[in-house]
Amino acid sequence: MSDSVEPSTSSREDPDPTPNPNSIIHPRREPFEHGLLPIPKLIFSDPIHSLIPFKQKLLSTQRVNSEIIAELLQISVDQARLVLDTLASVLHAESDPLIKLPPEEADSVGADLRDLMLFLYIQSYKRLLPRTHKDSASVADVWPSTSAFDGYLSALSPLQLVRSNSRRFMPSQADEEVHQLSYLQKHMGNILSLLSEPTEGEGEESLVLSMEGFEHLGFLLQFGDKGSEGIPLSQAAPFFANSDPDMPAVPVPAAQVHEWILQNIASALEHLTERVSAKENGPANASDQDVAMADACTHSTKALTNARGPSFIEGISKSSYVKQASDLKGSSVKVINCHDSVIYILAPLRYATVYGCSDTTIVLGAVGKAVRVEHCERVHVITAAKRICIANCRECVFFLGVNQQPLIVGDNHKLQVAPYNTFYSQLEEHMAEVGIVATTNRWNELLALGVVDPHDSLSHPAGVSDVQAESATHLDPDQFTNFLIPNWFGSESPGSTKVNPFPLPDAYMTSQQRNQRNLGEIKQLLKEAPLEENRKRELSSALHVYFKDWLYGNLRFSYFVAFYVRNYSFRGSTAQFIFHMIVRCLPKAFCGFDVIKG
């Protein structure tokens, strides 16, 4: 395109591509991981050809609200608000008023036009294809048996069949970073043209970039080794560094900026390629983010962390796993390929991703930006979050305390949602820290988009792109139960939260109260059962052990009851009474460990 910026070919001395020897340019992962929306009208075959007229039309408007976005893109107002909310969740500048205000007031300030242009441009990005795990034998040992749902899916579309039979593994961080940098390298000329302003003259020097416009590149790129806390782009660039704050910096030819960025990206790609090659050819170690599943399970007491990126919790199998804020580096977490486990992440977070897990309960503390749950089966997710996106999951239940509408995209089946159902001592402090409001819970205001994700690199059958994703149903209040988070650290826990901070709808509150009564009945009936004292103690002890085991996510309690009644000398009505009361009431009394005492 004539509007795109080409690198300068002048003979002047090249700017230093590495202004700081210890600093390498990185893509910001958040827009690529949490900022892509499967709305067809946001995805342009030629983004620059479509967006330049939008920019010219709105030159006099520095900020745009949902009404302007809806008219500009010919989408519904609800979808335009979703664009604003999503953009706010991945913005780089915490001082932007779109971030500071609550979502319901976002329209009063709108989004910066330049941020919106970049957000719309990257909707053309295609994610890296999921990879096959390098240790497939280890994966086969722990991956769950095929769901009964697979037989049903095999009769459906090729898209569903492919997804149901694929064992997906998230690409490594290094692979994703290479893919994102390569995309930015290819499109940087167009991206700069969206941020630049024309000047008098012709040719490649006709576009210039101000320091303010350059700072908006921070939406996509950053320097430094501390994620979003890296140094500002303008301070890393030789043409804006140490500018006098009282005197506006002189705009720089866009071609010069383009050349400098391309040199930095090339240097970063070379560094990443060498690192990936070393990892592939060298021995596996505990800090390798692509560690084999078996190794991850062996070292399941340690999260895999990266000084710059998120903390990884990968390959946990048949275990309970706890992480608090002091155990995590950074403010983002990725839970990947975990099976038959219970995972507690009791910390204030910015972002959280759950990918490829099965038969697992995952508790995410307070997530102030966004949660994404993808390619999971038979998983329970309990989270207090600003927003959540659910993609390509099946037979999962989500207990939500969310301030924005839950977004459901992709090929989902038999999902259920329910109000938030737990607490821990520091929950309200963590929620306040990341900006989650307990008085607003939109858990039941589901927003389902397309069944096809246009951002993946898969081929899709004709006609499927217009199909809406299957939404989730509301969990039956009779099945709603409190989830108890054990207090492993006793009096050391400094928090003040004593109850679930999110108000429950009436139907769920009634169910909860009924469960409490059932629990009291069970305790009393078991105390009064005509058993010898030694049998009472034995039953009490066993119930404690197996009920706790159940709370940790293992659903073996019904088998235990049958075994206990069958193998001990209970007779007639006593055995039937105990068996039926426990099986009828206890699954609904998911209220704590103190089932029977004394």
Side-chain angles (χ1 to χ4, degrees), residues 144 147-149 152-153 342 354 357-364 371 373 376-385 388-402 405-408 411-423 438 440-448 468-485 499-522 547 549-559 561 579-592 595:
S147 167
F149 218 32
Y152 168 70
L153 283 177
V342 178
V354 179
C357 297
S358 65
D359 301 287
T360 295
T361 295
I362 300 165
V363 182
L364 300 172
V371 176
V373 183
C376 290
E377 300 179 8
R378 301 175 299 280
V379 164
H380 287 199
V381 175
I382 305 171
T383 184
I388 186 171
C389 177
I390 302 163
N392 305 309
C393 294
R394 56 182 178 175
E395 302 174 76
C396 296
V397 185
F398 299 87
F399 297 89
L400 303 177
V402 288
Q405 289 179 276
L407 182 62
I408 298 180
D411 187 30
N412 301 284
H413 298 280
K414 291 192 174 180
L415 304 183
Q416 293 181 294
V417 293
Y420 193 73
N421 68 336
T422 193
F423 68 92
T440 301
N441 190 359
R442 304 181 70 181
W443 67 274
N444 57 343
E445 301 177 33
L446 305 171
L447 179 58
Q468 182 173 297
E470 179 181 316
S471 191
T473 59
H474 296 174
L475 183 71
D476 187 333
D478 286 342
Q479 302 300 318
F480 180 79
T481 53
N482 283 340
F483 184 87
L484 180 68
I485 298 176
V499 296
N500 180 355
F502 291 92
L504 289 177
D506 291 342
Y508 291 91
M509 177 62 75
T510 300
S511 175
Q512 183 186 64
Q513 292 168 347
R514 183 170 59 249
N515 291 340
Q516 293 283 3
R517 290 195 300 270
N518 288 341
L519 181 61
E521 290 176 15
I522 292 171
F547 189 68
D549 204 24
W550 184 19
L551 288 173
Y552 273 73
N554 296 303
L555 302 178
R556 294 176 290 179
F557 188 81
S558 59
Y559 299 105
V561 173
F579 180 83
H580 287 297
M581 285 303 297
I582 291 174
V583 173
R584 178 175 70 86
C585 300
L586 202 49
K588 296 182 182 180
F590 214 101
C591 305
V595 182

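Just so you know, these numbers use all the heavy atoms, side chains as well, and skip hydrogens, waters and symmetry mates.
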Checklist line | Thr422 side-chain N/O to Phe483 backbone N/O, donor-acceptor pair under 3.5 Å | finding: yes

Check: With distance as the sole test, does Asn441 use its side chain to make a donor-acceptor pair with the main-chain N or O of Pro503 at under 3.5 Å?
Finding: no

Margin query: Any side-chain to backbone donor/acceptor pair from Asn412 onto Arg394? Under 3.5 Å, distance only.
Written below: no

Check: Under a 4.5 Å cut-off applied to non-hydrogen side-chain atoms, are Asn482 and Asn500 in contact?
Finding: no

Margin query: Using 0.5 Å steps for rounding, measure from the CZ atom of Arg514 to the CE atom of Met509.
Written below: 13.0 Å

Check: Can you name the nearest heavy-atom pair linking His413 to Asp411, along with the distance?
Finding: NE2-OD1, 3.1 Å

Next item on the list: Quick one: closest heavy-atom pair of Ile408 and Glu470, and the distance?
Entry: CG2-O, 3.5 Å

Margin query: So, taking the atom named SG in Cys396 and the one named NZ in Lys414, what distance separates them when rounded to the nearest 0.5 Å?
Written below: 12.5 Å

Note to self: Among Phe398, Tyr420, Phe480, Tyr508, exactly one meets ring-ring contact (aromatic ring centres under 6.0 Å, His included) together with Trp443. Which residue is that?
What the structure shows: Tyr508

Check: Do you know which two heavy atoms are closest between Ile362 and Val379, and how far apart they sit?
Finding: CD1-CG1, 4.2 Å

Check: When rounded to the nearest 0.5 angstrom, what distance separates CD in Gln405 from CD1 in Ile388?
Finding: 13.5 Å

Check: Taking all atoms of both residues into account, what is the closest heavy-atom pair of Leu400 and Pro406, and its distance?
Finding: CD1-CG, 3.9 Å

Notebook entry, point to check: So, does Glu377 use its side chain to make a donor-acceptor pair with the main chain of Ser358 at under 3.5 Å?
Noted result: no

Item checked: Closest non-hydrogen atom pair between Val354 and Cys376, with its separation -> CG1-SG, 3.8 Å

Next item on the list: State, with a plain yes or no, whether a side-chain heavy atom of Val417 is found less than 4.5 Å away from one of His474.
Entry: yes

Next item on the list: State, to 0.1 Å, how close Asp478 and Ser511 come at their nearest heavy-atom pair, and which atoms those are.
Entry: CA-OG, 3.8 Å

Next item on the list: Could you tell me whether the side chain of Val373 reaches within less than 4.5 Å of the side chain of Cys393, counting heavy atoms only?
Entry: yes

Notebook entry, point to check: If you round to the nearest 0.5 Å, how far is OG1 of Thr510 from CG of Asn515?
Noted result: 11.0 Å

Note to self: Among Leu504, Thr481, Asn421, which residue satisfies the side-chain contact (heavy atoms from CB on, under 4.5 Å) criterion with Gln512?
What the structure shows: Leu504

